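I have placed the structure first, in the form of structure tokens, so that the comments after it can refer back to it.
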Number of protein chains: 2
Amino acid sequence: MGHMTSEHRPALPATPPLTERQEARRRRILHASAQLAGRGGFDAVQMREVAELSNVALGTLYRYFPSKIHLLVATMQDQLQHMHTTLRKRPPTESDPGARVAQTLMRAFRAMQREPHLADAMVRALTFADRSVSPEVDTVSRLTTAIILDAMGLDSAATPEQLSAVRVIEHTWHSALITWLSGRASIAQVKIDIETVCRLIELTGPQRPE
Amino acid sequence: MGHMTSEHRPALPATPPLTERQEARRRRILHASAQLAGRGGFDAVQMREVAELSNVALGTLYRYFPSKIHLLVATMQDQLQHMHTTLRKRPPTESDPGARVAQTLMRAFRAMQREPHLADAMVRALTFADRSVSPEVDTVSRLTTAIILDAMGLDSAATPEQLSAVRVIEHTWHSALITWLSGRASIAQVKIDIETVCRLIELTGPQRPE
DNA sequence: ATCGGTTCTGTAACTTGTTCTAGATTAGCG
DNA sequence: CGCTAATCTAGAACAAGTTACAGAACCGAT
């Protein structure tokens with residue numbers, strides 16, 4: 001009896017609909033994860049502590065998130081959603097697409113500077129994830145791409161070259177974050193790297209001026 | 001007791017000279033690490049196995065490499081040295097600096113395709129490393145920079161802009177590798193990303209004012 | 001309200017990175 | 001050579017991620 005509930009299954013193996021209590025549990029878990037991560041970074045997110053803090057048994061935690069990496073990547077999804085809606089409220093002011101992307105990424109970067117431990121936990125999990133987490137990491141990647149494309153302010157679809165540039169920007173964004181988080185690059189350095197890579201956008205097949 | 005010779009300096013610099021047997025032990029450890037990594041990637045490098053395979057006690061292994069991450073980053077240093085000398089023997093044939101860098105990185109990439117498990121172990125360790133491994137990761141970064149600068153064929157010193165471009169290329173290189181290793185990007189995709197980012201070099205010519 | 005299957009809980013066990021300890025071995029030096 | 005300090009070995013012990021399992025609680029359908 002497949003009713004017509006809003007159920008699209010393009011990718012994931014049909015997430016069974018969660019009851020209210022289950023949704024609440026999921027929330028509590030993600031909240032506890034972000035809280036612990038914000039306090040002490042990747043290492044401070046200990047599965048036993050997450051379970052206790054969210055009033056859930058350890059086994060249940062693992063039923064919701066099959067590994068610590070899954071949990072932290074899901075936490076990043078959550079935070080990115082917030083970031084995306086926040087950024088949409090105040091679109092970048094620059095006129096150049098490249099400059100707009102750089103401005104947006106620097107805003108995101110400043111948000112991370114406010115919670116460096118949380119950023120550490122999420123980014124480390126993201127880059128450490130192996131194939132078993134690919135779908136979730138891909139979701140994060142798509143979110144990041146959406147944020148960048150938003151910043152570019154494209155009316156029409158992006159060209160393949162532009163998409164390549166966006167992917168390179170994402171690469172630089174993640175890797176620059178890592179070097180900053182591990183203390184091997186300064187904030188100024190990250191800024192320069194972001195601005196440098198955003199110049200790629202100017203190079204690519206620009207939207208034809210009308 | 002307190003002799004003038006540097007004894008247990010908590011800091012980085014002066015590695016006390018190793019005896020021959022110690023040098024041999026270090027070699028055996030690195031060899032065992034690469035061997036296990038080549039077989040099954042990051043997870044297959046288990047400290048107890050490394051110790052046994054290199055005929056060294058577990059405590060000794062930890063004296064030489066204070067963590068699994070340190071060990072794998074050192075393994076990467078080792079492999080990169082090889083790669084550097086190998087690449088030097090056959091410099092890139094392209095004429096454009098950007099194309100030369102892309103060609104060189106694609107060669108390195110093909111080498112990794114021959115040992116994907118080893119690449120996995122090394123790259124995952126590199127990006128997962130925290131502050132305690134910063135000096136070692138920095139060494140790897142300097143090696144990579146040297147390879148890229150070599151490929152550019154610079155006679156004189158690079159300009160700051162060029163150095164920024166090189167850093168962005170490094171970011172892209174690492175991150176693209178990760179997406180490939182975790183199965184989220186194809187080999188062709190990585191190639192495109194490398195070629196895309198290498199276009200930055202053309203932008204930053206030292207003898208080009210505009 | 002009751003039944004049957006699923007989910008959740010509490011807890012123990014297992015895995016692997018890391019630390020610690022006591023004794024054997026080695027290196028450097030007079 | 002013989003001494004002393006450093007290093008190495010073997011093994012236990014600890015920490016945190018992960019798995020396993022028995023019983024309680026919950027959900028949906030009858």
Side-chain angles (χ1 to χ4, degrees), chain A residues 1 3 5 14-29 32-33 36-37 39-75 121 124-125 128-130 132-133, chain B residues 1-9 15-29 32-33 36-37 40-75 121 124-125 128-130 132-133:
Chain A
M1 313 264 211
H3 262 264
T5 60
T15 305
L18 297 184
T19 81
E20 203 159 319
R21 298 182 47 135
Q22 285 174 324
E23 192 56 53
R25 269 192 207 102
R26 203 186 127 86
R27 280 288 138 88
R28 289 205 307 275
I29 292 173
S33 168
L36 289 173
R39 176 138 63 245
F42 186 89
D43 293 332
V45 181
Q46 303 194 353
M47 299 304 270
R48 289 174 176 87
E49 287 215 37
V50 173
E52 188 175 356
L53 193 55
S54 47
N55 286 310
V56 142
L58 190 56
T60 305
L61 173 53
Y62 274 95
R63 166 179 283 269
Y64 281 73
F65 301 98
S67 77
K68 174 171 174 173
I69 300 293
H70 282 84
L71 171 58
L72 284 173
V73 171
T75 304
R124 295 259 295 285
F128 191 63
D130 65 354
S132 71
V133 206
Chain B
M1 326 256 229
H3 220 279
M4 290 298 280
T5 62
S6 63
E7 228 99 352
H8 34 333
R9 279 288 169 85
T15 306
L18 298 184
T19 81
E20 203 159 319
R21 299 182 50 141
Q22 286 175 322
E23 192 56 53
R25 271 192 205 102
R26 187 167 197 280
R27 275 295 129 106
R28 290 205 307 275
I29 293 173
S33 168
L36 289 173
F42 186 88
D43 293 333
V45 181
Q46 303 194 354
M47 299 303 270
R48 288 174 176 86
E49 288 215 37
V50 173
E52 188 174 355
L53 193 55
S54 48
N55 286 310
V56 143
L58 191 56
T60 305
L61 172 53
Y62 273 95
R63 166 180 282 268
Y64 281 74
F65 302 97
S67 79
K68 174 171 173 172
I69 301 292
H70 282 84
L71 170 58
L72 285 173
V73 171
T75 304
R124 296 259 295 285
F128 192 64
D130 65 353
S132 71
V133 206

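Keep in mind that this is a model prediction, so the values were computed, not measured. Chain identifiers are assigned alphabetically (A, B, ...) following the order of the sequence lines, protein sequences preceding nucleic acid strands; residue numbering begins at 1 within each chain.
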Got a list of protein N/O to nucleotides 22-27 of chain C N/O distances below 3.5 Å?
none

For [X] and [N], give me the distance from atom [atom1] to atom [atom2], rounded to whole Å.
X      : N       : atom1 : atom2 : value
L58(A) : dT18(D) : CG    : P     : 10 Å
L71(A) : dA16(D) : CG    : P     : 16 Å
N55(A) : dA25(D) : CG    : P     : 16 Å
Q22(B) : dT9(D)  : CD    : P     : 11 Å
E20(A) : dC8(C)  : CD    : C1'   : 18 Å
E52(B) : dA10(D) : CD    : C1'   : 12 Å

Donor-acceptor pairs under 3.5 angstrom involving side-chain atoms of residues 50-67 of chain A: please list them, not counting sequence neighbours.
{"residue": "S54(A)", "atom": "OG", "partner": "V50(A)", "partner atom": "O", "Å": "2.5"}
{"residue": "S54(A)", "atom": "OG", "partner": "A51(A)", "partner atom": "O", "Å": "3.4"}
{"residue": "S67(A)", "atom": "OG", "partner": "I69(A)", "partner atom": "N", "Å": "3.2"}
{"residue": "S67(A)", "atom": "OG", "partner": "H70(A)", "partner atom": "N", "Å": "3.1"}
{"residue": "S67(A)", "atom": "OG", "partner": "H70(A)", "partner atom": "ND1", "Å": "2.8"}

Could you check which residues of residues 42-51 of chain B get a heavy atom under 4.0 Å from DNA chain D? Sort them by number, please.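 Nucleic-acid contacts, sorted: R48(B).
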R28(A): salt bridge (Lys or Arg N to Asp or Glu O under 4.0 Å) partners, not counting sequence neighbours: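 Here no residue qualifies.
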Within residues 61-70 of chain A: residues closer than 4.0 Å to DNA chain C (heavy atoms):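 R63(A), Y64(A) - these, ordered by number, are the residues of the stretch whose heavy atoms sit under 4.0 Å from the strand.
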Just list the side-chain donor-acceptor pairs under 3.5 Å for residues 19-27 of chain A, sequence neighbours left out, or say none.
{"residue": "T19(A)", "atom": "OG1", "partner": "R21(A)", "partner atom": "N", "Å": "3.4"}
{"residue": "T19(A)", "atom": "OG1", "partner": "Q22(A)", "partner atom": "N", "Å": "3.2"}
{"residue": "Q22(A)", "atom": "OE1", "partner": "T19(A)", "partner atom": "N", "Å": "2.9"}

Verify, without hydrogens or angle tests, whether S33(A) (side chain) and I29(A) (backbone) share a donor-acceptor contact under 3.5 angstrom.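 It does not hold such a pair.
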